[in-house]
Amino acid sequence: MSERKVLQKYYPPEFDPSKITRHKGPKPTGPKQQTVRLMTPFSMRCNSCGEYIYKGRKFNARKENSGEKYFNISIFRFYIRCTRCSAEITFKTSPKHMDYECEKGATRNFEPWREAKDHEETEEERLTRLEEEENESAMAKLETKTLDSKREMMIADALDEIRTRNARMERKDHADVLETLLEMKDEEALRREQEEKEIEEAAKKAFSTEDGELVRRVVDEETDGLEVGSSSSLAGPAAAKSAPVVSSSVAPADGFEVPEFKRTVKRKKPVTPALQGLIKKKPKLPGIV
């Protein structure tokens, strides 16, 4: 196997170097071209086949200097081929619009500077627009002035009210302030006394009859009275003093139910004859009494 990097080459015996002729071809005319790898800067459509080429698609393009300049900025031209019909498409840089401009072979889907060109106004339109702006500005100034004057008047009125109120408060003496405070306290005390009187009257009405007698608890059984007496005698004079006085002569008021504090003893239920046979008594063990 031969080496990849050879230092000596083989020349056949019939090789004649005088027979080799060198031909100098013509130099290429026009701008010098350079092969570059780029991505399409905008989406376009081929004019020959209608193929859409989206933005950012990669191409092996030829780049050249067009010779044109914009404020001493050179403009470059790029050549690519359509992916479907291999038609040549050219576009170049546009420093004026800070973008690219499609030149031949395709049409750009959207050109942002076209709208600006369509909306370019003439001198007459510009003059009319400036006049309208001046008129509008004058009306706006008048409106703002009127609003400012109204706001100032409202602020002045509010300040006058505050000043009059402060002057009225300053004219009052300390004695007047104390009198007003005492009057307020007297009113509160009277209101509290009135509320207490109303509460007492309501309590009297609730615990009294039509004749005005107080309603007390009535004891029906004599045994309770005996128990109370015995307990008072055993406890001593202190218990007798604290024991409540019970009077049975006082009649209850109409429509008022007197509560009863009678003790009730629960009686055991009698055993039915049907259950007597079922109840079994435990037999007594011998030797246990």
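- With hydrogens and angles left out, the side-chain atoms of N109 and R45 include no donor and acceptor closer than 3.5 Å.
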With side chain to side chain contact (heavy atoms under 4.5 Å, CB included) as the criterion, how do Q34 and V36 come out once you've worked through the C-alpha distance, each side chain's angles and the decisive distance to 0.1 Å? CA-CA 6 Å; Q34 181 184 358; V36 293; 4.3 Å; yes

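- Considering every non-hydrogen atom in both C46 and A106, the closest pair reads CA-CB, 4.2 Å.
- Within the model, atoms OG of S94 and CE of M98 stand 9.5 Å from one another, a figure rounded to the nearest 0.5 Å.
- Here D148 pairs with R151 in a salt bridge; the nearest charged N to carboxylate O distance falls below 4.0 Å.
- The only option from K104, R62, E64 that meets the side-chain hydrogen bond (donor to acceptor under 3.5 Å, both in side chains) definition with Y79 turns out to be E64.
- Between I89 and G105, the shortest heavy-atom contact is CG1-O, 3.8 Å.
- Taken to the nearest 0.5 Å, the CZ atom of F71 stands 9.0 Å off from the NZ atom of K96.
- For Y11, the OH atom sits in a loose shell: 12 or fewer heavy atoms of surrounding residues, nucleotides or ligands are nearer than 6.0 Å.
- At a threshold of 4.5 Å between non-hydrogen side-chain atoms, the residues C82 and C49 count as touching.
- How far OG1 of T107 is from CG of N47: 5.0 Å, rounded to the nearest 0.5 Å.
- One finds the CG atom of L147 at 13.0 Å from the NZ atom of K145 (value rounded to the nearest 0.5 Å).
- For S66 (side chain) and I75 (main-chain N/O), a donor-acceptor pair under 3.5 Å exists by modelled atom type.
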Please report, to 0.1 Å, the donor-acceptor pairs under 3.5 Å made by any side chain of residues 191-198, with sequence neighbours excluded.
from: R191; atom 1: NH1; to: E195; atom 2: OE2; distance (Å): 3.4

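- Relative orientation of the Y100 and F42 rings is tilted, given thresholds of 30° and 60° on the angle between their planes.
- Within the 4.5 Å cutoff, side-chain heavy atoms of I20 are placed close to those of F15.
- Atom CG of N72 sits in a sparse spot, with 12 or fewer heavy atoms from other residues, nucleotides or ligands closer than 6.0 Å.
- Side chain of T93 to backbone of F76: a donor-acceptor contact under 3.5 angstrom is found.
- One distance of note links CZ of R108 with CD of E103; it measures 14.0 Å at 0.5 Å rounding.
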Apply salt bridge (charged side-chain N to carboxylate O under 4.0 Å, His left out) to residues R129 and E125 and explain how you reach the verdict. CA-CA 6 Å; R129 182 174 59 79; E125 291 177 353; over 6 Å; no

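- Distance check: M154 CE to K150 NZ gives 10.0 Å after rounding to the nearest 0.5 Å.
- Counting all heavy atoms, side chain and backbone alike, C102 lies closest to F91 at CA-CB, 3.9 Å.
- Summarising the geometry of P13 relative to Y10, their closest heavy-atom pair is CD-OH, 3.9 Å, with the distance given to 0.1 Å.
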Could you please spell out the steps behind the side chain to side chain contact (heavy atoms under 4.5 Å, CB included) verdict for K55 and M44? CA-CA 8 Å; K55 181 182 178 180; M44 63 186 82; over 6 Å; no

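- When side chains are defined from C-beta on, L38 counts as touching F78, because their heavy atoms get closer than 4.5 Å.
- With hydrogens and angles disregarded, no donor-acceptor distance shorter than 3.5 Å links the side chain of S74 to the backbone of K69.
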